[in-house]
Each structure stands twice: as C-alpha cells, then as structure tokens.
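Data first, discussion second: the structure below is written as structure tokens.
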Amino acid sequence: MQPVVLITGGAGYVGSHACVALIESGYLPLVLDNFSNSSVESLRRVARITGVQPQLVEADVRDASALDSVFRSGPIHAVMHFAGLKAVGESTVQPLRYYAHNLAGTLALAKAMQRAGVRNLVFSSSATVYGEPGIEQLHEDLRCDPVNPYGRTKWMIEQMLADLAASEPGWRIARLRYFNPVGAHASGLIGEDPRGVPNNLMPYVSQVAVGRLDRLRVFGGDWPTPDGTGVRDYIHVMDLADGHVATLRHLLATPPQLLTLNLGTGRGTSVLEMIRAFERASGRAVPYDVVDRRPGDIAACWADATRAAHVLGWRTQRGIDDLCRDAWRWQQANPRGYGG
Ligand code: NAD
Ligand code: UD1
C-alpha cells in the first residue's frame, strides 16, 4: 500500500508542486485546504501531470474536528504542513490574522497529530526567520530574529515544534527554511498564481513580460552589491518539492529527531541578473525603473546549503535559466493564472 501523506495547503503554490513530487516518488497525497489563496484547479492539473487525483478535504487547518476525521479516515504516515498566510506587508497590517492562521493553525494540527499518534511532520518555515543578520550567507545555527509579524509566526512555530519534539519521544520533525521559491513545473500546467498585483519579484517580472503589467520597479540601485540591486537565493519550486521528498524519506528512515534545514541553492542572483535571464528565456523585454529601496528589504542573502546536502544528500539541480524558462512557460500558457 502506498504511504499516505497529509498535505495541508496542498492546493497552493509550493504544496501543489510537492504533490507532484510525492506522487512521482510513490506517496499518496491527501490534501487539506480551505482555498483562501488557491483553487481546486491546481489539483486537477496535478492529476493531469501525474495521472493521480489527490484526495481532497476542504477545511480550515484550525478546525480540530475536521482534522480528527481526516486522521480517522485511514492510516496517515506523515504530514507536510504548507497551509498558512505568507505576505509580509499584509502581516504588519493584520497581525492577528497571521497569528491565527499560522500559529493557531499549526497548534491545532500538532494537537490533532498527537491525538492520532502521527508524529512525522515536515513544516514550511522561511529564511525570513533570520531577520537582518548582517551577513550574506545564512547558516542554520545563526540566531533568529525576525523583523515582521509573518516572520515571527514562523519562528514561534519553529520553537513550538522544538518544545513538542523535546516533550515526548517519537516525533520526527523537519523545519525547512525556504529561500526564494520561484518557477513552475516544466509542463507549464501548475505554477504561482498570486491574487492581485504580485509583491514578489519573479511573478511581477513574468506579468510585465506577458503584458499584464507595464513596468517593473527595481527597489534600489544603490545597495552594497556588485550591480547595486538586491541579491537573493532563488530556488526552483521543483527543486524545493524534491527537497521535501528527500526530507520525508530521511525522516522516515532515521530515528526520531528535530531537523532544521535551509532549502536554497547556496548562490545569490541580483534583480538585474534576474531581469536579463527572464528576457533571454521569454524573448520579451522587461522594462523597468530603478526606484527607492523597499522598506524592510536587506541588500543580499543566500543559503548556506551544506547541511541539507550533507544530511539529505540533496542539492538543487536547476539554475536561473531553467527557472525563468519554466516560469515563462507557465505564465504564457496561463496569462491569468488558474482563472483563465
Ligand atoms: P500559497 O498561499 O500558495 O499556499 C498556501 C495554501 O494554504 C493555499 O492553498 C491556501 O488556500 C491554504 N491555506 C491558507 N490558510 C489556510 C488555513 N487556515 N486552512 C487551510 N488552508 C489554508 O503559499 P505557498 O507559496 O505555497 O507557501 C506555502 C508555505 O510555504 C507557507 O506556509 C509559506 O509561509 C511558506 N513559505 C513560502 C515561501 C514563498 O515564497 N512561496 C517562502 C518561504 C516560506
Ligand atoms: C520576500 C519576503 C520574505 C519571503 C519571500 C518569499 C519581504 C520583505 N520579504 O522576500 O519574507 O520569505 O519574499 O519569496 O517581503 N524586488 C524589486 N521589485 C519588485 C519586487 C522585488 O526590485 O517589484 C526586489 C526586492 O527588493 C529584492 C528582490 O527583488 O531585492 C526579491 O524580492 P521578493 O521577491 O519580494 O523576495 P524577498 O524580499 O527576498
């Protein structure tokens, strides 16, 4: 029998790609999502790619009775917890909503897992937990000091999970700190579908290239970086999805433990380098203006990716040209996302 993995937030951007990677690795995803930031269409597309329609429970991750009935419905080997809210700016305006969905959501999930005796959990954390560390290459042992409510929810959840793992034997928990997930499945059938005007670089660049937005604003040309623009570690979302499968396999094959891993490429790319790569991949111009720095940004950061390589034997396979090509294929085939 194929092992079943509960995927909270499995209809979302990272979760839908993880569903594909899991199915292709012999797992059966069972998705729980409230569709607050996604649509059921992403799961239909997962089925088109893999030939397997993930089972779906439409529910809020804070709903204890819905969680209990999911865990009663049959054996669940592990949980991947993607469900949550992720917009930094919005989290400063609606902090309690972020604490409710992210922190209380994870609390409800962990309690339901405890009741059901399911103790294998992979959690989506973020490099945002490091805050503004003042160095560029970020190692897992750095002190965390997040600088916004979204980041604080992730850091509080990480601490809650550490307390849980220490409190009773048997928990296998991975806290995965993603750097900047971008790109799409190579089929162009699933990808990132942000609601409204995108906040993040890659979806904004794609929408400019496809003609949905006029011009990109480059936030700052005077950063202390080689070309003056911000530098980040962009990880292809399928590399990220494969990293989840590698993590799950590792957790299930080793004694109970609490694992904390950066998932990134270990390399930095500037905004201008990304624009040029996207222009190459799409054959379209990406007009831009350099404007003031965005409040809350830092100059440069990238992952120290050595621990994940050492522990999991996993490293990213795809580069900037791959992720621009795949993002463009998705954008071109779905100029209005899943909606049209
Ligand atoms: P997403 O918004 O595309 O996916 C999140 C999914 O969770 C959506 O399908 C949404 O409908 C669902 N959801 C939200 N609140 C829920 C709730 N209370 N109950 C049930 N379902 C709920 O986001 P994503 O980019 O796929 O991110 C997935 C996870 O990874 C999030 O936890 C996010 O914080 C984390 N993360 C994302 C990034 C990124 O850049 N995408 C970076 C670092 C960490
Ligand atoms: C942002 C979040 C971070 C989250 C990550 C997920 C903030 C402050 N941080 O990170 O918590 O984990 O997304 O991917 O929001 N840029 C432009 N023009 C744009 C958009 C971005 O020049 O229109 C620049 C930014 O200044 C930055 C780079 O592009 O240098 C990447 O920005 P973005 O995609 O928003 O990611 P982060 O800021 O790294």
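As the structure lists them, so they are numbered: ligands from 1, and atoms in each ligand from 1. Along the sequence shown, residues are numbered consecutively beginning with 1.
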Got an N/O contact under 3.5 Å between [X] and ligand 1?
X	result
H101	yes
F179	no
D33	yes
Y13	yes
Y178	no
L32	no
V14	yes

Does [atom1] in [X] sit with more than 12 non-hydrogen atoms of other residues, nucleotides or ligands closer than 6.0 Å?
X	atom1	value
H139	NE2	yes
D292	CG	no
R115	CZ	yes
F71	CZ	yes
Q55	CD	no
D214	CG	no
R217	CZ	no

Among all protein non-hydrogen atoms, which one is nearest to [atom], and what is the separation to 0.1 Å?
atom	value
atom 29 (C) of ligand 1	F82 O, 3.2 Å
atom 12 (O) of ligand 2	S126 OG, 3.2 Å
atom 13 (N) of ligand 1	N34 OD1, 3.4 Å
atom 9 (N) of ligand 2	V88 CG2, 3.6 Å
atom 19 (N) of ligand 1	V61 N, 2.9 Å
atom 34 (O) of ligand 2	L201 N, 2.8 Å
atom 41 (N) of ligand 1	K86 NZ, 3.6 Å
atom 18 (N) of ligand 2	R217 O, 2.7 Å
atom 4 (O) of ligand 1	G12 CA, 3.5 Å
atom 40 (O) of ligand 1	P181 CD, 3.2 Å
atom 1 (P) of ligand 1	N37 ND2, 3.8 Å
atom 34 (O) of ligand 1	Y150 OH, 2.7 Å

For a quick test of reading the model, state the closest non-hydrogen atom pair linking [X] to [Y] and the distance between them.
X	Y	result
H17	A241	O-CB, 3.6 Å
V31	P54	CG2-CB, 4.1 Å
V5	L248	CG2-CD2, 3.8 Å
F35	A11	CE2-CB, 3.6 Å
V46	S16	CG2-O, 3.6 Å
G9	A83	N-CB, 3.6 Å

For [X], atoms of ligand 2 separated by under 4.0 Å from a heavy atom:
X	answer
V218	22 (O)
T128	11 (O)
N199	20 (C), 35 (O)

Regarding [atom]: of the candidates [options], which has the closest heavy atom?
atom	options	value
atom 20 (C) of ligand 2	Y204, Y150, F219	F219
atom 37 (P) of ligand 2	N148, V291, N180, V205	N180
atom 39 (O) of ligand 2	R294, R293, R232	R232
atom 5 (C) of ligand 1	S39, G15, G84	G84
atom 29 (O) of ligand 2	L216, V182, V271, V231	V271
atom 1 (C) of ligand 2	D297, V147, N200	N200

Does the side chain of [Y] come within less than 4.5 Å of [X]'s, by heavy atoms?
X	Y	value
P95	Y99	yes
V231	T269	no
L109	T8	yes
R175	L258	yes

Show me which atoms of ligand 1 lie under 4.0 Å from any heavy atom of [X].
X	result
S124	29 (C), 30 (O), 32 (O), 35 (C)
F35	11 (O)
S125	43 (C), 44 (C)
A59	20 (C)
S38	8 (C), 9 (O), 11 (O)
S36	10 (C), 11 (O), 13 (N), 14 (C), 15 (N)

Is the Y338-W330 ring centre distance short of 6.0 angstrom? yes
Hey, do the aromatic rings of Y27 and H244 have their centres closer than 6.0 Å? no
Could you tell me whether atom 4 (C) of ligand 2 has a protein heavy atom closer than 4.0 Å? no
Among the heavy atoms of Y234, does any lie under 4.0 Å from an atom of ligand 2?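 Y234: in contact with ligand 2 (<4.0 Å).
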How does K154 reach ligand 1, by side chain, by backbone, by both or by neither, if only non-hydrogen atoms under 4.0 Å count? side chain
Lys/Arg cation over aromatic W223: R293, 6.0 Å, 45° cone: yes
Does any N or O of ligand 2 fall below 3.5 Å from an N or O anywhere on G230, backbone included? no
Donor-acceptor under 3.5 Å (T316 side chain, R318 main chain): no
